[in-house]
2 protein chains.
Amino acid sequence: MRTLKYAILGLLNQKEMTGYDLMKQFESTLCEFWSAKHSQIYPELKKLTEEGSVAYKTEPSDNGAEKKIYHITEEGRRDFIDWLSSETKPQPTPKDISRLKIFFCNCLPAEDRKFLLEDQLHKHSSRLKHLRNNQTKFTAVPDSEADEFGDYLVLMGAIMREEMVIEWLRKCLALLG
Amino acid sequence: MRTLKYAILGLLNQKEMTGYDLMKQFESTLCEFWSAKHSQIYPELKKLTEEGSVAYKTEPSDNGAEKKIYHITEEGRRDFIDWLSSETKPQPTPKDISRLKIFFCNCLPAEDRKFLLEDQLHKHSSRLKHLRNNQTKFTAVPDSEADEFGDYLVLMGAIMREEMVIEWLRKCLALLG
DNA sequence: AAGTACATGTAAGTGGTTACATGATTCT
DNA sequence: AGAATCATGTAACCACTTACATGTACTT
């Protein structure tokens, strides 16, 4: 489905950047709903260049070495907008090892079962704390035309997701008695 | 990480079944947190047989042809329980195309943006309806030692997830003005 | 002298999907 | 006669991860 392609095009549509910058974006902002390692990004950029969706200029980096600054082409931008407006088919399964374990939890002795759920509870609680801290960086809801608007929406979604998971785990623990 | 292996072992630990039965389990009960096609299941069963985690007996099926009924071995059961009690490392990203599109939604004209969110809202609403219908099959909370206990917990989790997504999408739509 | 951040790439392997392939039985 | 369900498998391909590989510059 070439989703990585569109994630990259979307970012380059916001501003020109290097493969390294893209990697940083995936690690920070997009990490709540997409990820990509540099070993996937660089080959994809090469492919996108060949296909004419992006182009780059070579510049010396802050240190001596060369770096490639990529920007989206008109063709790439059209392709990206087409994808963005196209229908999103219902996705298969967000695979979740933790839920898989909880599904099978009746096989464990009561103590281990409790530990499994409480461990998840701790992990999601600290994750939520971290996300709420990120949210303080927004002093107001960004304008709906600004690039930060999407940031704000998905951060809100991530916070709500963590709150929901925590509530679910608490209910599960309660049912164990 | 061999997660499919443990999903299969967990199911065979509940009761013996064929590859086809396993496929049906993935399609129905497990679909909220794991999935696997028959093209992945059959080779995995072959591998697990070679490794000694499972074994099978051949029986004629309801029609004439032969079928393989798999069961878990003592070795497989030990391996499964070890996995179940082992620590669950925080998972990377549940990749989500829909959130990716919402992240970039400021690139779309107001009308298309609204359509994108409302389309998701419809899909998640009908999904929630379907899940709530499934829940009516439980007349009471199953005993925490029964196989259906896990079923119940993950179904509750799936319902809460859909409710959360719907609430989030509504908030997003409200922010568009 | 060692570690981190910037910067870019390739190779091998895992996990998963789609398509190919076959065959019996039951239902419409 | 045609479609759906049961039943099992393989092959090609795609997406992604881990490890290999290199080099600069700045910081401790």
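Note that these values count all heavy atoms, side chains included, but never hydrogens, waters or copies made by symmetry. Chain identifiers are assigned alphabetically (A, B, ...) following the order of the sequence lines, protein sequences preceding nucleic acid strands; residue numbering begins at 1 within each chain.
- The NZ-C1' distance, from B/Lys89 to D/dT17, rounds to 13 Å in whole Å.
- Here the CD atom belonging to B/Gln25 is positioned 7.0 Å from the CD atom belonging to B/Gln14, to the nearest 0.5 angstrom.
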* To do: List the steps and the verdict of side-chain hydrogen bond (donor to acceptor under 3.5 Å, both in side chains) for A/Tyr70 and A/Asp21.
  => CA-CA 10 Å; A/Tyr70 287 88; A/Asp21 295 332; over 6 Å; no

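- Going from atom SG of B/Cys172 over to atom CD of B/Glu167 covers 11.0 Å, rounded to the nearest 0.5 Å.
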* When you check every protein heavy atom under 4.0 Å of nucleotides 10-20 of chain C, what one-letter string (B, S, -) results, 5' to 3'? -> BB---SSBBB-

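- Separating the CG atom of B/Leu22 from the C1' atom of D/dC6 is a distance of 14 Å, rounded to the nearest angstrom.
- For the pair B/Lys24 and B/Lys68, both in contact range of DNA chain D, the more 5′-proximal nearest nucleotide belongs to B/Lys24.
- Separating the CD1 atom of B/Ile97 from the P atom of D/dC14 is a distance of 17 Å, rounded to the nearest angstrom.
- To the nearest angstrom, C1' of C/dG23 lies 14 Å from OH of B/Tyr20.
- With ring centers used as reference points, B/Phe80 lies 6.0 Å or more from B/Tyr6.
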* Asked: Taking it one step at a time, do B/Leu176 and A/Phe149 satisfy side chain to side chain contact (heavy atoms under 4.5 Å, CB included)?
  -> CA-CA 10 Å; B/Leu176 287 181; A/Phe149 186 62; 3.7 Å; yes

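- A cation-pi arrangement, defined by a distance under 6.0 Å to the six-membered ring centre and an angle within 45 degrees of its axis, is present between B/Arg99 and B/Trp168.
- Under the 4.5 Å side-chain contact rule for hydrophobic residues, B/Ile69 and B/Tyr20 do not share a cluster.
- At distances below 3.5 Å, not a single donor-acceptor pair connects side-chain atoms of B/Lys5 with backbone N or O atoms of B/Glu44.
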* Show your reasoning for whether side-chain hydrogen bond (donor to acceptor under 3.5 Å, both in side chains) applies to A/Glu66 and A/Thr58. => CA-CA 7 Å; A/Glu66 290 284 273; A/Thr58 306; 5.0 Å; no

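- Computed from C1' positions of five pairs at each end, the angle between the two local axes of the helix from C/dA1-D/dT28 to C/dT28-D/dA1 equals 30°, rounded to 10 degrees.
- For the pair B/Ile41 CD1 and D/dG9 P, the interatomic distance rounds to 12 Å; values are reported in whole Å.
- The separation between B/Asp21 atom CG and D/dA7 atom P is 6 Å, rounded to whole Å.
- Between A/Phe26 atom CZ and C/dA7 atom P the separation is 17 Å, expressed in whole Å.
- One can place CE of B/Met23 at 8 Å from C1' of D/dC6, the figure rounded to the nearest angstrom.
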